[in-house]
Chemist: 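Can you keep this structure in mind? I'll have questions shortly.
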Amino acid sequence: MIDIKYIRNSPDMLREAVKNKKEKADIDRILEIDELRRKLQYDFDNLRADQKKTSSEIPQLKKAGKDVSEVMERMKSLADELKSISTELSESGNELDSLLLTVPNIPAEGVPLGGEENNLQVRQWGEAKKFNFQTRDQVELAEINDLFDLKRAAKMSGSGFITYTGKGAALERALINFFLDFHIKKHNYEEISAPFIVNRETMTGTGQLPKLENDMYHIDQDDMFLIPTSEVSVTNFYAGEILPYSLLPKKFASYSPCFRREAGSYGKDNKGLQRVHQFNKVEMVRFVQPETSYDVLDEMVHDAEDILQALGLHYRVVVLATGDLSFASAKTFDLEVWAPGTGKYLEVSSVSNFLDFQARRANIRFRDNDGKVKYLHTLNGSGLATPRSFIALIETWQNEDGTITIPEALRPYLGNREIL
RNA sequence: GGAGAGUUGCCGGAGUGGUCGAACGGGGCGGUCUCGAAAACCGUUGUACGCCUCGCGUACCCAGGGUUCGAAUCCCUGACUCUCCGCCA
C-alpha cells in the first residue's frame, strides 16, 4: 500500500508508476475521494465534539433539577445529522480503501523502463557447459532414469501436474533439504513452517489480492486460498504487530509447496517440469529496518546464488524492467539458470525488495531506537524452487550413457552416491 | 460436530448506560537518594487521523451492525482463544 499522503503530494509519481507497471489504478478518483473523505471527517469531528460536550452537561443539568427537554430536542437533531454524515464517511472510506489496494508499488530509481525485453543482465557465473556427446533434455533423462511421470500425474490432477518417481522423488527431496540446510547453516536463517492455506486478509497483506485472484486456487466453502508462495504466510506472520527494535532484523527460511493456476499461460514454456501448478520451494523472507533494505536485497541475491554455485550450475543475474516487476515490488532480481539440454535459461529465483509496501498492507511495524513506531521493510526471494533447479541439475550433470552425476554438495543427501 | 467460558492499554487485571482513553498492580523510561547499584519515594509511559500544528479536536476497550440525547458498558451477527465431550492423522 502506498501512503495516501504520498499520493496526495506526488500524484504524478503514482501515475508514472501505474503506467510503467501496466496497472489500472485510478489516481484521480483516489485524490477526489480522499478530499471528500477528509471534508466529511472534519464535519463529523466537529459535530461529534459538540455532541460529546453537550452530552456531558446533561447529567449536571438534571442534578441541578433543570428542565432538559430543550437540550434533548437539539441533541436529537444533532444525532440524526451525525448518523447521515457517518454513513457517507464510511462509504467514502470504504471506496478509498479498496481503491488504494489497486495502487502498485513504485519501481525503484534505476530500474529499467519497459517490458520483459528490457530486463538487464547484471552479472553471470560460470559458463554454458560444453559436452562432447549429444545431450538429452529433462524429459529424455527422466525416462532413462525413472525420475518423473507426467502422464500419470495428469490422470490424477490434469495437465501441469507432476509426479516425481523413484530416484526423481529422492532427488527432489534432497534438493529441498539441501536448500533449507544451506540457508540455515551457512546464512543463519531461522527455519519456519507456516500454513499452506490462508485467508483473504493474508493474501491481501502481501499484495496477491485483489489483483491475482484468478491465478490462485480458492476453497469456496471456507473462502480460503492455497498459497502461491510461502512469502504469503511467512510475511503475514507478524501482521498487525509492532515489533520491538531488538527483534530486527529477522530472517526466515521456509519450505512450502506452491500452488498456481497459471491461468492463460497454457502452451507457454511448459514442457516437462518447466511450468507446473504445484511445486516445492524454499523461500527466504526478511523483516528489516528501512535504511538497510537495499543492502539486504543484494545479500539475498548472493544467498540464492551461493546455492547454484554449490551445485555447479551456470546462471545469470537479471534486474527486472518496470513492466516485468510484480505489483508489490520496488526492485527485483531474477536468477536464471542454464539448462543445456533444453537450451534455455530458466528462472529459478526471484528476489524482491517491497520497501514498506507490504508492511503497510499487513500493518507490520517496529519501534525504532528513538521510540517512534515505524513501518519496517520486507523482502523475499526464492532459494530456490525445485522443478527448474531439477531440470538444470540433471541436464548439466548428465553423462553420455544417460546417467546423472550427483554434484558433491548434494551427495550427503543421497546416500553419498556419486551417480544418481 | 456438541456444550460452556472468555477476548480491555507493553503485561496482569478492574470497570454493566453519562466528565472512562479507561481504576489498581507489574514492567519500561526519567528523576531524588547513592561512590555505584538495590530498596524507597516522585514523575512519566498507546495508536491513528484531522486542523486554526509545540496546542486542540476526533476515532479506537476482538470485528461488523443495532438501541440511546449519550455505549468499554445493553441487543444482534461473526471471528478468534480456552475447557469438556464426540470424531480423527
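Within every chain, numbering begins at 1; the chains are lettered A, B, ... in the order of the sequence lines, protein sequences first and strands thereafter. Predicted, not measured: the structure shown is a model, and the values here were computed from it.
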Chemist: Among residues two or more places apart or on two chains, list those pairs meeting ring pair (Phe, Tyr, Trp, His ring centres under 6.0 Å) that have a residue in residues 38-85 of chain A.
Modeler: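 Applying ring pair (Phe, Tyr, Trp, His ring centres under 6.0 Å) to every pair that reaches into residues 38-85 of chain A, excluding sequence neighbours, yields nothing.
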Chemist: Grab the N/O contacts between the protein and nucleotides 61-68 of chain B below 3.5 Å, and write none if there aren't any.
Modeler:
residue : atom : partner : partner atom : Å
B:rU67  : OP2  : A:Lys83 : NZ           : 3.2

Chemist: May I have the distance from A:Leu89 (atom CG) to B:rU58 (atom P), rounded to whole angstrom?
Modeler: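 Taking CG of A:Leu89 and P of B:rU58, I get 15 Å after rounding.
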Chemist: Determine whether a donor-acceptor pair (one donor, one acceptor, N or O, separation below 3.5 Å) exists between the side chain of A:Ser55 and the base of B:rG18.
Modeler: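 It does, because a donor-acceptor pair links the side chain of A:Ser55 to the base of B:rG18 below 3.5 Å.
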Chemist: Got a list of side-chain donor-acceptor pairs under 3.5 Å for residues 406-414 of chain A, not counting sequence neighbours?
Modeler:
residue  : atom : partner  : partner atom : Å
A:Arg411 : NE   : A:Ile406 : O            : 2.8
A:Arg411 : NH2  : A:Ile406 : O            : 3.0
A:Tyr413 : OH   : A:Asp181 : OD2          : 2.6

Chemist: Looking at A:Thr396 and A:Leu393, would you say the former's side chain and the latter's main chain have a donor-acceptor pair under 3.5 Å?
Modeler: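 Side chain of A:Thr396 to backbone of A:Leu393: no pair is present.
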Chemist: Would you measure the distance from the P atom in B:rU44 across to the matching atom in B:rC84 and give it in whole Å?
Modeler: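 The answer is 45 Å between these two P atoms.
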Chemist: Quick one, give me the B/S/- string for nucleotides 47-55 of chain B, reading 5' to 3', where B means a protein heavy atom under 4.0 Å from the base and S means that only happens at the primed atoms, P, OP1 or OP2.
Modeler: SSSSSB---
Chemist: Can you list, in residue-number order, the parts of residues 191-205 of chain A that come under 4.0 Å of RNA chain B, counting heavy atoms only?
Modeler: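 Here the set is empty: none.
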Chemist: Give a yes or no on whether the backbone of A:Phe252 and the side-chain of A:Glu190 come within a donor-acceptor separation of less than 3.5 Å.
Modeler: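 The answer is no, because no donor-acceptor pair under 3.5 Å joins these two groups.
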Chemist: Show every salt bridge (Lys or Arg N to Asp or Glu O under 4.0 Å) that has at least one partner inside residues 346-360 of chain A, sequence neighbours left out.
Modeler: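 Listed by first then second residue: A:Asp3-A:Arg360, A:Asp356-A:Arg360.
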Chemist: Write down the distance separating the C1' atoms in B:rA3 and B:rC75, rounded off to the nearest Å.
Modeler: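 Roughly 23 Å separates the two C1' atoms.
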Chemist: Provide the full list of salt bridge (Lys or Arg N to Asp or Glu O under 4.0 Å) pairs with a residue in residues 232-241 of chain A, sequence neighbours left out, each pair given once.
Modeler: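 For residues 232-241 of chain A: none.
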Chemist: Taking only the P atom of each, what is the distance from B:rU19 to B:rC61 in whole angstrom?
Modeler: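 Straight-line distance between the two P atoms is 15 Å.
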Chemist: Testing the basics here: between A:Leu147 and A:Leu141, what is the closest heavy-atom pair and its distance to 0.1 Å?
Modeler: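 Of all heavy-atom pairs spanning A:Leu147 and A:Leu141, the closest is CD1-O, 4.1 Å.
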Chemist: For A:Gln358 and A:Thr378, run side-chain hydrogen bond (donor to acceptor under 3.5 Å, both in side chains): C-alpha distance rounded to whole Å, both residues' side-chain angles, the deciding distance at 0.1 Å, then the answer.
Modeler: CA-CA 7 Å; A:Gln358 293 183 327; A:Thr378 60; 2.8 Å; yes
Chemist: Using the C1' atom as the point on both nucleotides, what is the distance between B:rG21 and B:rA14, in whole Å?
Modeler: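 It comes out at 15 Å once rounded to the nearest Å.
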Chemist: In whole angstrom, give me the gap between the C1' atoms of B:rG13 and B:rG18.
Modeler: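 Between the two C1' atoms, the distance is 24 Å.
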Chemist: By side chain to side chain contact (heavy atoms under 4.5 Å, CB included), which residues pair with A:Ala239, not counting sequence neighbours?
Modeler: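 Once residues adjacent in sequence are excluded, the partners of A:Ala239 under the side chain to side chain contact (heavy atoms under 4.5 Å, CB included) criterion are A:Asn236, A:Ala362.
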Chemist: Can you tell me which residue pairs pass the ring pair (Phe, Tyr, Trp, His ring centres under 6.0 Å) test with a partner in residues 145-168 of chain A, sequence neighbours excluded?
Modeler: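 Non-adjacent pairs meeting ring pair (Phe, Tyr, Trp, His ring centres under 6.0 Å): A:Phe161-A:His277, A:Tyr164-A:Phe390.
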Chemist: In this structure, how many angstroms lie between the P atom of B:rA79 and the CG atom of A:Asp223, rounded?
Modeler: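 A:Asp223 atom CG is separated from B:rA79 atom P by 12 Å.
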Chemist: If only atom types and distance count, is the side chain of A:Gln398 paired as donor or acceptor with the main-chain N or O of A:Arg136 below 3.5 Å?
Modeler: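 At least one qualifying donor-acceptor pair exists.
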Chemist: Give me the residues of residues 46-54 of chain A where at least one heavy atom lies under 4.0 Å from an atom of RNA chain B, by number, or none.
Modeler: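 A:Arg48, A:Ala49, A:Gln51, A:Lys52, in order of number.
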Chemist: Under 3.5 Å, sequence neighbours excluded: what are the donor-acceptor pairs made by side chains of residues 321-328 of chain A?
Modeler:
residue  : atom : partner  : partner atom : Å
A:Thr322 : OG1  : A:Asn20  : O            : 3.4
A:Thr322 : OG1  : A:Gly114 : N            : 3.2
A:Asp324 : OD2  : A:Asn119 : ND2          : 3.0

Chemist: Where do A:Gln51 and A:Leu82 come nearest, in terms of heavy atoms and distance?
Modeler: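 Looking at all heavy atoms of both residues, the closest pair is OE1-CD1, 3.2 Å.
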Chemist: Checking A:Thr165 against A:Asp146: is there a side-chain donor and acceptor pair closer than 3.5 Å?
Modeler: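 Yes.
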Chemist: Using the P atom as the reference point in each nucleotide, state the distance between B:rC62 and B:rA71 in Å, no decimals.
Modeler: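 So the two P atoms sit 16 Å from each other.
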Chemist: Which pair of non-hydrogen atoms, one from A:Val276 and one from A:Pro387, has the smallest distance, and what is that distance?
Modeler: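 The answer is CG2-CG, 4.3 Å.
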Chemist: Give the dot-bracket string for RNA chain B, reading 5' to 3', where a pair is Watson-Crick or G-U wobble with both distances under 3.5 Å, ( ) marks pairs inside the strand, [ ] marks pairs crossing earlier ones, | marks a partner on another strand, and . marks unpaired.
Modeler: ((((((((.[[[..)..(.....]]]((((((.......))))))((((((...)))))).[[[[[..)....]]]]])))))))....
Chemist: Using the ring of each side chain (for Trp, its six-membered ring), is A:His187 parallel, tilted or perpendicular to A:His183, with breaks at 30° and 60°?
Modeler: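 Because their plane-to-plane angle lies in the 30° to 60° range, the rings of A:His187 and A:His183 count as tilted.
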